[in-house]
Amino acid sequence: MTRVKIKEILSLSPQGQEVIVKGWVRTFRNNQFIALNDGSTNNNLQVVVDFNATEETILKRITTGAAICATGKLIASQGKGQTVELNATSVQIIGDSDAEKYPLQPKKHSLEFLREIAHLRFRTNTFGAVFRIRHSLAYAVHKFFNDKGFVYLHTPIITASDAEGAGETFAVTNFDLNNIPKNDKGEIDFKQDFFGKHTNLTVSGQLEGELGAMAFGDIYTFGPTFRAENSNTTRHLAEFWMIEPEMAFYDLNDNMDLAEELLHYVINYALEHNKEDIEFLNTRLLDEEKQKPQNERSELNLLEKLQFCVTNKFERITYTQAIDILKESSHNKKKKFQYLINEWGVDMQSEHERYLVEKHFKKPVIITDYPAAIKSFYMRQNEDGKTVRAMDILFPGIGEIVGGSQREERLDKLEARMNAMNIPTEELQWYLDTRRFGTCEHAGFGLGFERLVLFVTGMTNIRDVIPFPRTPKNCEF
RNA sequence: UCCUUCUUAGCUCAGCUGGUUAGAGCACAUGACUGUUAAUCAUGGGGUCCCUGGUUCGAGCCCAGGAGAAGGAGCCA
């Protein structure tokens, strides 16, 4: 007889059939009832032990967190909380768990505390649900692109180019840090380093992704990225996962269509395949909302929010239109913004983005055609000479979830822009080659995977949707 | 990096105007009970009051410095 996973057992009709289960004890009540979980589902299997026929020494070892193997007959439950239960004929202890030392107690814990024991938090209902959803979303991303014929391109983690301008980088070296080689001028001599030059962890796979798009047509990357920004917010990590598709022969509209289709697809996938987990998180959030005053509660619950998001088109407006809406808003006139909107060209603050998404349109918004001055060098310049073909997708509660653009495919325009922005062209000749040899219009975007997981799970801190968060002053586990 | 708030038992938190032996609920242990749903009832153990220094007859409480956390801002995905 082989072991059956609890997810499968709970779907069986109980006919006294013999089964073996293995899992971890969540609670042991009344010396009889084990709530057993094996991670296959958030729901526990109730294992009923006959304490008169079981050794005292075994009963004492059925503690919260212990790994056990139970054999018995599957019957209709005689209690109210569940439909089936396992009438155990034998219980073996596979791994003991000292209840006095085991940090997870059969009670509610704060997310902050669980973050400190991230190695054990997978064993809670909340994090079980979050990380099963995270898995589904990752799988859905690969399935979406694979079904469309995209090539999954593995762009490098270690790179010598820090020219993306996407933020501070982490240096990669194998120098003895107590004895760093210097040259005649007293500068660090990177010629003696492992790669013979200064290297760092990637902040984006985009530039390499563009090289792939110029051969395969459609590619995507899905991997970790690293930013050494001293950001202490609920939306930033030093190590995070990013999805970056890059498509040849795409303009900005094609790019937006793809991003919107991708988001609809993956959220739908989770709604279909993680129904129980999303419902659990939905209930959890509703309980939390009850603690809040009426006016701070959200209009839609998590399920409604996700369904709304997959059934409605995202609002598309230009930066110029967005600024007009903000300028004319009563919020701006009554000076409720901390930063008032007076003129075209300023960068929008998160309070403005939140206003547009959560108050004005009440749905995801795509903002396009930003002023060139506040955007990256590789974005295609518009005919007006002022704006570039950029697009940001803003989500309620999250802010920017996607940032993308149509790329500048004209060599002369691109070089002129790089020179104006002091981007060293000599280091990026490999990138400029795409514009020299068979250049074509193309576009792409970056989707922050953790921000997507945040949205779908309804969690509010990004450190709770990645297994082991890396943030300033924190690199545990 | 900046602003605000916080740091007391394993967890969540009280702690009065600076004053004797620092409390509660939960968790845990022991016993009772035995169809429970975070079982229940009784009993019990458990503290570097974040760290360093200062003020004071006396500091969990006041002051200075430091560390860490949470929320917000900036940067962005």
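Letters A, B, ... are given to chains in the order of the sequence lines, protein chains preceding strands, and every chain is numbered from 1.
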For Phe145(A), run the ring pair (Phe, Tyr, Trp, His ring centres under 6.0 Å) check against Tyr139(A), Phe222(A), Tyr220(A) and tell me which one passes.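 Looking at Tyr139(A), Phe222(A), Tyr220(A), the match for Phe145(A) under the ring pair (Phe, Tyr, Trp, His ring centres under 6.0 Å) is Tyr220(A).
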
Atom CZ of Phe337(A) to atom P of rA73(B): distance rounded to whole Å?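 In whole Å, rA73(B) P lies 13 Å from Phe337(A) CZ.
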
Tell me whether the side-chain N/O atoms of [X] come closer than 4.0 Å to OP1 or OP2 in [N].
{"X": "Asn461(A)", "N": "rG71(B)", "result": "yes"}
{"X": "Thr233(A)", "N": "rG72(B)", "result": "no"}
{"X": "Arg29(A)", "N": "rU36(B)", "result": "no"}
{"X": "Arg235(A)", "N": "rC75(B)", "result": "no"}
{"X": "Arg354(A)", "N": "rA73(B)", "result": "yes"}
{"X": "Asn230(A)", "N": "rU1(B)", "result": "yes"}
{"X": "Ser350(A)", "N": "rA73(B)", "result": "yes"}

Can you tell me which nucleotide in [options] comes closest to the side chain of [X]?
{"X": "Thr234(A)", "options": "rG35(B), rA27(B), rG72(B)", "answer": "rG72(B)"}
{"X": "Asn31(A)", "options": "rA73(B), rG68(B), rU34(B)", "answer": "rU34(B)"}
{"X": "Thr64(A)", "options": "rG74(B), rG68(B), rC28(B)", "answer": "rC28(B)"}

Please check if atom NZ in Lys363(A) has more than 12 non-hydrogen atoms from other residues, nucleotides or ligands closer than 6.0 Å.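 Count over threshold, so yes.
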
Check: Ser231(A) side chain, rC75(B) base, donor-acceptor under 3.5 Å: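 Indeed, a donor on one side and an acceptor on the other fall under 3.5 Å apart.
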
Would you state whether a donor and an acceptor, one from the side chain of Glu229(A) and one from the base of rU1(B), lie under 3.5 Å apart?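 Checked by distance alone, the answer is no.
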
Give me each pair satisfying side-chain hydrogen bond (donor to acceptor under 3.5 Å, both in side chains) with a member in residues 99-109 of chain A, each pair once, sequence neighbours excluded.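 Residue pairs passing side-chain hydrogen bond (donor to acceptor under 3.5 Å, both in side chains), neighbours aside: Tyr102(A)-Arg123(A).
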
Map Gln46(A) and Tyr102(A) onto RNA chain B by nearest heavy atom, then report which one ends up closer to the 5' terminus.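 In this pair, the answer is Tyr102(A).
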
Please compare His236(A) and Ala99(A) by the position of their nearest nucleotide in RNA chain B and report the one closer to 5'.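 The answer here is Ala99(A).
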
Residue from Arg380(A), Arg407(A), Glu210(A) passing side chain to side chain donor-acceptor pair (under 3.5 Å) with His442(A):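 For His442(A), the side chain to side chain donor-acceptor pair (under 3.5 Å) test succeeds with only one of Arg380(A), Arg407(A), Glu210(A), which is Glu210(A).
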
Who are the side-chain hydrogen bond (donor to acceptor under 3.5 Å, both in side chains) partners of Arg389(A), not counting sequence neighbours?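 Result, side-chain hydrogen bond (donor to acceptor under 3.5 Å, both in side chains) vs Arg389(A): Asp369(A), Asn382(A).
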
Sequence neighbours excluded, which residues qualify as side-chain hydrogen bond (donor to acceptor under 3.5 Å, both in side chains) partners of Glu55(A)?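 Expected list: Thr57(A).
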
Within a strict 4.5 Å, meaning less than it, do heavy atoms of the Ile462(A) and Arg451(A) side chains meet?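 Result yes, sub-4.5 Å side-chain heavy-atom pair found.
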
Would you say Ser97(A)'s side chain and Thr64(A)'s backbone share a donor-acceptor pair under 3.5 angstrom?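 Yes.
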
Represent RNA chain B in dot-bracket notation, 5' to 3'. Only Watson-Crick or G-U wobble pairs with both distances under 3.5 Å count; pseudoknot-style crossings use [ ] and interstrand partners use |. (((((((..((((.....[...)))).(((((.......))))).....(((((..]....))))))))))))....

For nucleotides 2-12 of chain B, just jot down a letter per nucleotide in 5' to 3' order: B, S or -, based on protein non-hydrogen atoms under 4.0 Å. --------BBS

When you check the side-chain N and O atoms of Thr27(A) and Arg29(A), is any donor under 3.5 Å from an acceptor?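 A donor-acceptor contact under 3.5 Å links the two side chains.
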
Is the ring of Phe240(A) stacked on the base of rA77(B), with centres less than 5.5 Å apart and planes under 30° off?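 It does: the two rings, one from Phe240(A) and one from rA77(B), meet the stacking criterion.
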
Are the aromatic ring centres of Phe122(A) and Phe468(A) under 6.0 angstrom apart?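 Centroid distance Phe122(A)-Phe468(A): below 6.0 Å, so yes.
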
SB check Arg61(A) Asp96(A) (cutoff 4.0 Å):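 Looking at Arg61(A) and Asp96(A), the cut-off is met.
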
Any residue in residues 78-92 of chain A with a heavy atom nearer than 4.0 angstrom to RNA chain B? Just list them by number, or reply none.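 Contacts with RNA chain B under 4.0 Å: Gln78(A), Gly79(A), Lys80(A), Gly81(A), Gln82(A), Glu85(A).
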
Please verify the inter-ring angle class for Phe144(A) with Tyr265(A); under 30° counts as parallel, over 60° as perpendicular, anything in between as tilted.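 Correct class here is tilted.
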
